[in-house]
Amino acid sequence: MPKLILKSPYIKCGGKGGIGGGGYLRYIGTRDGVELVPDDRPATKRQEQLIRSLVRDFPDSRVLLEYADWEASRTKAHASAFITTALECNWEQANRSDVYLKYIATRPRVERLGSHGLFGDDDSVDLQKAAVELDSYTGNVWTHIISLKREDAARLGYDRASAWRDLLRQERNEIAAAMSIPPDHFRWYAAFHDEGDHPHVHMMAWSSQPKEGWLDRDGIRKIKSTLTNQIFHQEMLHLYEQKTVSRDELVREARASMLALVKEMRQGICDHPKAEQRMWELAQALDGVKGQKKYGYLPKRVKKLVDEVVDEMERLPAVAKCYEQWQMLQGEVEGYYSDAPPKEQKLSERKEFRQIKNSVVAEAERLRFSALTFEGAQQPEVDTGYDHSRNGWYWKMKQILDSPEEPIENKDWAVSEMRELADYDVPQAWYVLGTLYRDGGILIPDSTLAAEAFEKAAQAGMVPAQCALGELLLSDDLDVLNPPAGLEWLKRAWEGGSLRAGYLLAKEYLSGENAAKDVEHGLECLSACADEGYPGAQYLLGKLYLTGQEIPQDMEQAEYWLSQAAAQGNEYAGLLLERTEEPPNGRSGAGRDPSAPQHKLHFSGELPAQAQPGGDADRPQAVAEDPGEEDRHGP
């Protein structure tokens, strides 16, 4: 059962056979809200007869929340609630029936906002004037009835007229658009009935131009969707977040299964013969496809092959489990809008998973390029003009990952390729995967997986990976925190020539947080890195000379090293240099370059807030710290 029920009948006003809308307006505006006393006694025969007549005359009344309550428990209270709502949903027809008209006339009569319960665009509504306007109106007037379950209304604050008034005022233009009425011609009044188990709103809506206005099933769906999205916004936001996580997990699992399948095909040990056959058929079919090798651009016959591969992937237990979880969440989302059971669909029929199909196409294309052995037969080499060696393929994938212009599906594919290269023990690929897991963006951040990837590359002797692993193990991430191991990896990277590792080691020795404090050793590492041109080390050394921390204060040395760092883009060094005054009787220091900018510093005893010790200024700058690090030691 959907969370919100919307019924949108209309009254044909004026003309031959038409009735005035003023009567309905007076009814919804003055009927008292009824607090139904719980009555578990069986419904009377009269009530049962009336319900049978209503269901016969108005079959769509079966979708009402009140009818579901009646079906579940046929009590007097549920009978009364259903009869009232069904008659209100079919006001025009009911007014032409003596039986129904008598029931309406004797019903207790809305939560009042003053002398009546009507509200609209204006803060005050003149009931008599509005009723006269509708009595003389000659067009169609729609009588929307919007209903919630009592528990939902109470939990979300829609058990009072003011909340509904604010909502309808906010969404009135969307409702008008769904009814094909220009916003400046849209007229409406509404009243809230805080009644029974299903508090609801009656909303009369029409155009100031009698011939305007049209509402079909699609328009009703749009109105319902608009109101549902607003009322259940927070709940649905959480549900959509869960659904996104589930979708990403399914995509990852499908890709991992795809890579495993291709790897088994290469090794001749694939135990999924149908999937293997479809993959090779797809690879051969792609040979005749010109243009982009993306699912959306493929001929129908090739798309069919892709779908068949995806259907085979869905049968794998790990993929099936992830898809089942996603479908459950999708069903919950659909339940907000419809009482129809979720439609069973194959994974290949879901538009949400187009990227899985593109991954299948990419793998099939690689099969074609690589000319794999299939069923024992060696396929001929294909001259594609591309370098498909592992090193060449790595650089092509890294170029895709580094390019801001590449679409996300291409980057996703490049990540899959990097995983496969990593499986073939290409250390650069492990390093790239480590950075992606560490930094997020393309992959969901995962420090544990980042550490594992970095370690694979570090063990292979890759210096940037050794530095990255050491830094990660010394971070405040409790999932991977391991100071002794972190220090050892930084030492190995420093010995291998990583200036960043030396800079980080210097900070550890100077602070004494994760290593025994050793100022002499720390300054030795820091000075060596600064001399080699590492801007982070230059900034920190300049700041130490400026403040006199750990070493004697020396303003000229401070000026020199801060200038060096600022020249390489360290913004915090530049910030300190801006705080210049007339030079005091300073001391001269060794290492001064006469060609360096002639700043004269005087330290007042305070650093700018951004450059306080231990703040962001102590952290290396992502752009300017060591722009050549990767070029010297790897990717």
Side-chain angles (χ1 to χ4, degrees), residues 427-428 430-439 445-541 543-544 549-550 561 565 568 570 613-635:
Q428 295 94 330
W430 282 118
Y431 176 74
V432 170
L433 289 173
T435 60
L436 294 176
Y437 278 122
R438 180 193 63 192
D439 302 336
D446 189 319
S447 57
T448 302
L449 292 178
E452 292 174 359
F454 282 143
E455 186 169 8
K456 293 276 190 180
Q459 293 287 9
M462 191 175 182
V463 174
Q466 294 170 350
C467 178
L469 178 59
E471 186 173 4
L472 185 59
L473 297 178
L474 288 166
S475 70
D476 57 0
D477 190 326
L478 297 180
D479 290 335
V480 294
L481 180 63
N482 188 343
L487 288 169
E488 286 303 314
W489 282 114
L490 286 183
K491 289 176 184 177
R492 288 180 62 174
W494 174 226
E495 291 170 359
S498 170
L499 298 181
R500 179 167 178 74
Y503 163 76
L504 294 173
L505 271 176
K507 291 182 66 175
E508 294 295 339
Y509 289 133
L510 291 171
S511 69
E513 292 182 9
N514 294 307
K517 188 165 183 174
D518 188 338
V519 175
E520 183 179 356
H521 194 186
L523 289 174
E524 180 184 337
C525 292
L526 192 64
S527 298
C529 292
D531 285 336
E532 287 292 325
Y534 192 75
Q538 292 171 338
Y539 164 77
L540 182 53
L541 188 58
K543 191 177 74 171
L544 292 178
Q549 292 178 322
E550 310 298 354
W561 289 117
Q568 295 194 68
N570 188 296
D616 288 341
D618 285 338
R619 299 187 185 120
Q621 301 303 295
V623 175
E625 284 276 351
D626 186 21
E629 183 90 6
E630 290 191 351
D631 292 336
R632 286 195 296 274
H633 297 298

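- Using a 4.0 Å cut-off between charged nitrogen and carboxylate oxygen, E495 and R492 do not count as a salt-bridge pair.
- For the pair K517 and E550, the salt-bridge criterion is met [side-chain N within less than 4.0 Å of a carboxylate O].
- Put simply, the side chain of Q568 gets close to the backbone of G533: a donor and an acceptor are under 3.5 Å apart.
- Minimum heavy-atom separation, A530 to L541: CB-CD2, 4.0 Å.
- In this structure, A457 and P427 approach most closely via the heavy-atom pair CB-O, 3.4 Å.
- Counting all heavy atoms, side chain and backbone alike, W561 lies closest to Q538 at CB-O, 3.4 Å.
- Between K456 and E452 the shortest side-chain heavy-atom distance does not fall below 4.5 Å.
- Note that the OG1 atom of T448 and the OH atom of Y437 stand 11.5 Å from one another [nearest 0.5 Å].
- Rounding to the nearest 0.5 Å gives a distance of 14.0 Å between CG of L449 and CZ of R438.
- Between L523 and L510, the closest side-chain pair of non-hydrogen atoms falls below 4.5 Å.
- Contact detail for S475 and V480: the closest heavy-atom pair is OG-CG2, 4.5 Å.
- One finds the OG atom of S527 at 10.0 Å from the CG atom of L540 (value rounded to the nearest 0.5 Å).
- Side-chain atoms of L487 and L505, non-hydrogen and from C-beta on, do get closer than 4.5 Å to each other.
- Two residues are said to be in side-chain contact when any heavy atoms from C-beta on lie closer than 4.5 Å; L526 and Y503 meet this criterion.
- P484 has its side chain out of reach of E488: every pair of non-hydrogen atoms, C-beta onward, lies at least 4.5 Å apart.
- Not one N or O on the side chain of Q549 forms a donor-acceptor pair closer than 3.5 Å with the backbone of L544.
- Of all the heavy atoms in G522 and A506, the pair that sits closest is O-CB, 3.3 Å.
- When all heavy atoms are compared, the tightest approach of D477 to D479 is OD1-N, 2.9 Å.
- One finds the CG atom of L433 at 12.0 Å from the CG atom of D446 (value rounded to the nearest 0.5 Å).
- Distance SG/C525 to CD/E520: 11.0 Å, rounded to 0.5 Å.
- In this structure, Y431 and F454 have tilted ring planes: the angle between them lies in the 30° to 60° band.
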